[in-house]
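Comments concern the structure below.
Numbers for residues simply follow the sequence, beginning at 1.
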Amino acid sequence: MSPLARSYHALCVLAFGLAASAASAASEDVPGWNAERAELFSKVCMGSAPGFSGMEKTARSLGFRTINGNLMHEPEVAVSLQNTDTGCACYMTMGAYDPTALVQAIFQRLVNDYPDAWRPEGESGPVNDTRFEREGEMVRLVLTPAKLDGNDWIAGRVYSSNRCPA
């Protein structure tokens, strides 16, 4: 397993443990659950792109805190910055009662928050893999549904060509 896959898996396992206590209450309000996660993703990952220098400060202002060395928003949202071969990525994992609805909620929130930034033409792909322009730079948005221990998750990533801040 690659270091990136191990990191993603570790964050999901940690987040799943935190989410267990909130599952029944949240499942009664799936649209509210989705809206909250869409807001967190929009403000933290897309909002700090392309340089990501304000990512941690923004996350903390929205209630994220360090739990077991990871930046978490209870009950299950985890966020981190990771350097890739091509730049920096803001990764956010979150529980999904309905993965399709959560992907749609995140995408719609991004289009609403950044109405002139979405680039659907040409090189842009489907909703879960598309491009936005942030501060004059194209960033790639990827929303990937995943299943871990029988639970549905979304791994959201915003990639830029910049290196992650130190």
With side chains defined as the heavy atoms from C-beta onward, is the minimum distance between N83 and R163 less than 4.5 Å? yes

Could you tell me whether the side chain of T84 and the main chain of G87 form a donor-acceptor pair under 3.5 Å? yes

Output yes when a side-chain donor or acceptor of N70 lies under 3.5 Å from a complementary backbone atom of M72, and no otherwise. no

Is it the case that R140 and T130 place a side-chain donor and acceptor less than 3.5 Å from each other? no

Can you name the residues that form a salt bridge (Lys or Arg N to Asp or Glu O under 4.0 Å) with D113, not counting sequence neighbours? R109

Give the minimum heavy-atom separation between G51 and P165, together with the two atoms involved. O-CD, 3.5 Å

Output every pair passing ring-ring contact (aromatic ring centres under 6.0 Å, His included) with a member in residues 47-68, not counting sequence neighbours, ordered by first then second residue. F64-H73

Is there a side-chain contact between Y114 and S42 in this structure, where contact means two heavy atoms from C-beta onward sitting under 4.5 Å apart? yes

Carboxylate-amine/guanidinium contact D149 K147, below 4.0 Å: no

Would you say the side chain of C45 lies within less than 4.5 Å of the side chain of V79, judging by non-hydrogen atoms? yes

The single option from V142, L141, L143 that satisfies side chain to side chain contact (heavy atoms under 4.5 Å, CB included) with D129 is V142

Within the 4.5 Å heavy-atom criterion, are C88 and L81 side-chain neighbours or not? yes

When rounded to the nearest 0.5 angstrom, what is the spacing between CG in N34 and CG in L102? 4.5 Å

After noting the C-alpha distance and the side-chain angles of E76 and T93, does the key distance pass the side-chain contact (heavy atoms from CB on, under 4.5 Å) rule? CA-CA 8 Å; E76 87 316 337; T93 58; over 6 Å; no

If you look at every heavy atom in E135 and A49, which pair is closest and at what distance? OE2-O, 4.0 Å

Tell me, do V139 and R131 make a side-chain contact under 4.5 Å, heavy atoms counted? no

Find out whether R119 and F132 are in side-chain contact, i.e. whether some heavy atom of one side chain is under 4.5 Å from a heavy atom of the other. no

Can you name the nearest heavy-atom pair linking G54 to S48, along with the distance? C-CB, 4.2 Å

I need the minimum non-hydrogen distance between T58 and S61, along with the two atoms involved. O-OG, 2.7 Å

What are the two closest heavy atoms between A59 and V44, and how far apart are they? CA-CG2, 3.8 Å

Quick one: does V158's side chain get under 4.5 Å of R134's, heavy atoms only? no

Atom pair OG/CE of S80 and M55 - distance to nearest 0.5 Å: 7.0 Å

For the CD1 atom of I106 and the CD atom of E39, what is their distance to the nearest 0.5 Å? 12.0 Å

Short side-chain donor-acceptor distance under 3.5 Å, R157 and T144: yes

Minimal non-hydrogen separation, C164 against A89, with atom names: SG-N, 4.1 Å

When you measure from the side chain of Y97 to the backbone of W33, do you find a donor-acceptor pair of N or O atoms at a distance under 3.5 Å? no

Do E137 and N162 have side-chain N/O donor and acceptor atoms under 3.5 Å apart? yes

E133 side chain to M138 backbone, donor-acceptor under 3.5 Å: no

